[in-house]
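Note sheet for the following structure.
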There are 2 protein chains.
Amino acid sequence: MSNEVKLLRFLAQDMTQAELGKRVGLTRQTIAAIEQGRYSPSLDVAFRIAHVFGKGIDDVFHWQPGGDDRSAD
Amino acid sequence: MSNEVKLLRFLAQDMTQAELGKRVGLTRQTIAAIEQGRYSPSLDVAFRIAHVFGKGIDDVFHWQPGGDDRSAD
DNA sequence: ACATCATGTTAGATATATTTGACATTAAGT
DNA sequence: ACTTAATGTCAAATATATCTAACATGATGT
């Protein structure tokens, strides 16, 4: 599972990891870990992140049936 | 956060909780808990469930900005 | 009445997400 | 050179998701 969080932060006036974390109720370390695909966030967190950028979940997180890796880094 | 998992199971030839669990790699107890909104599944699990029904995540799980409850049961 | 199947539920264990606190690095501003 | 802001990373703690094993209930079939 890969995601566009880092890109979307840049598109959103260079929003910082700490700022995003504040807006969704997470620490900056957690944002960093999610951006790097170190683990799969809860669905609730995924919705909150997508909401900050005014996007749908599928626009932010990309999932493929057999895909258990992070190859789209 | 509410969801349509139970409904979608019925629409899918009365698929059983155990059968759905088998298909997505979860136990039937976990499926039951998710259906009842007892907790927010991981994003990965949400994608796998939606995929079984050929739906998008937003078709299966409904989230509202301020919504921390399960009132749409 | 008995057996079976699907579901609800619960307690205790394990796995994973998330936090907290700390330290390192790199880029930018003074 | 110094400071500050943003990020990477890590270890240890806490919270939450998920599993396992068990027992209960209602519906269905024999």
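Protein chains get the first letters and strands the later ones, always in sequence-line order, with residue 1 at the start of each.
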Footprint ends on DNA chain D, 5' to 3', for atoms under 4.0 angstrom from a heavy atom of chain A, come out as D/dA6 to D/dC10

Neighbours of DNA chain D within residues 23-31 of chain A, by heavy-atom distance under 4.0 Å: A/R28, A/Q29

Within this structure, what is the CE-CZ distance for the pair B/M15 and B/F10, rounded to the nearest 0.5 Å? 12.0 Å

If we only count heavy atoms from C-beta on, is the B/L20 to B/R9 side-chain gap below 4.5 Å? yes

Hey, mind stepping through A/I31 and A/V24 against side-chain contact (heavy atoms from CB on, under 4.5 Å) and telling me if it holds? CA-CA 10 Å; A/I31 298 292; A/V24 300; 4.1 Å; yes

Does any donor atom in the side chain of B/Q17 or B/E35 lie under 3.5 Å from an acceptor atom in the other side chain? yes

Where chain A begins and ends its contact with DNA chain C, read 5' to 3' at 4.0 Å from heavy atoms: C/dA17 to C/dA22

Axis bend over the full length of the helix from C/dA1-D/dT30 to C/dT30-D/dA1, computed from five pairs that close each end, to 10 degrees: 30°

In numerical order, the residues of residues 8-22 of chain B whose heavy atoms come under 4.0 Å of DNA chain D are none

Main chain of B/D44, side chain of A/S40: is a donor-acceptor contact present, judged purely on distance under 3.5 Å? yes

Would B/V45 and A/L43 count as a side-chain contact (heavy atoms from CB on, under 4.5 Å) if you check the C-alpha gap in whole Å, the side-chain angles of each, and the deciding distance to 0.1 Å? CA-CA 9 Å; B/V45 160; A/L43 180 56; over 6 Å; no

Assess whether side-chain contact (heavy atoms from CB on, under 4.5 Å) is satisfied between B/Q36 and B/K6, documenting all intermediate values. CA-CA 9 Å; B/Q36 294 164 198; B/K6 192 165 195 163; over 6 Å; no

Under 3.5 Å, side chain of A/T16 to main-chain N/O of A/E19, donor-acceptor pair present? no

Given side chains that start at C-beta, do those of B/T30 and B/T27 come closer than 4.5 Å, heavy atoms only? yes

Kindly list each side-chain donor-acceptor pair under 3.5 angstrom involving residues 50-62 of chain A, sequence neighbours excluded, with atom names and distances?
{"from": "A/D59", "atom 1": "OD2", "to": "A/G56", "atom 2": "N", "distance (Å)": "3.1"}
{"from": "A/H62", "atom 1": "ND1", "to": "A/D58", "atom 2": "O", "distance (Å)": "3.4"}
{"from": "A/H62", "atom 1": "NE2", "to": "A/E4", "atom 2": "OE2", "distance (Å)": "2.7"}

Side-chain contact, heavy-atom cut-off 4.5 Å: A/F47 with B/M1? yes

One should read off an interatomic distance between B/I49 CD1 and B/N3 CG, to the nearest 0.5 angstrom, of 7.5 Å

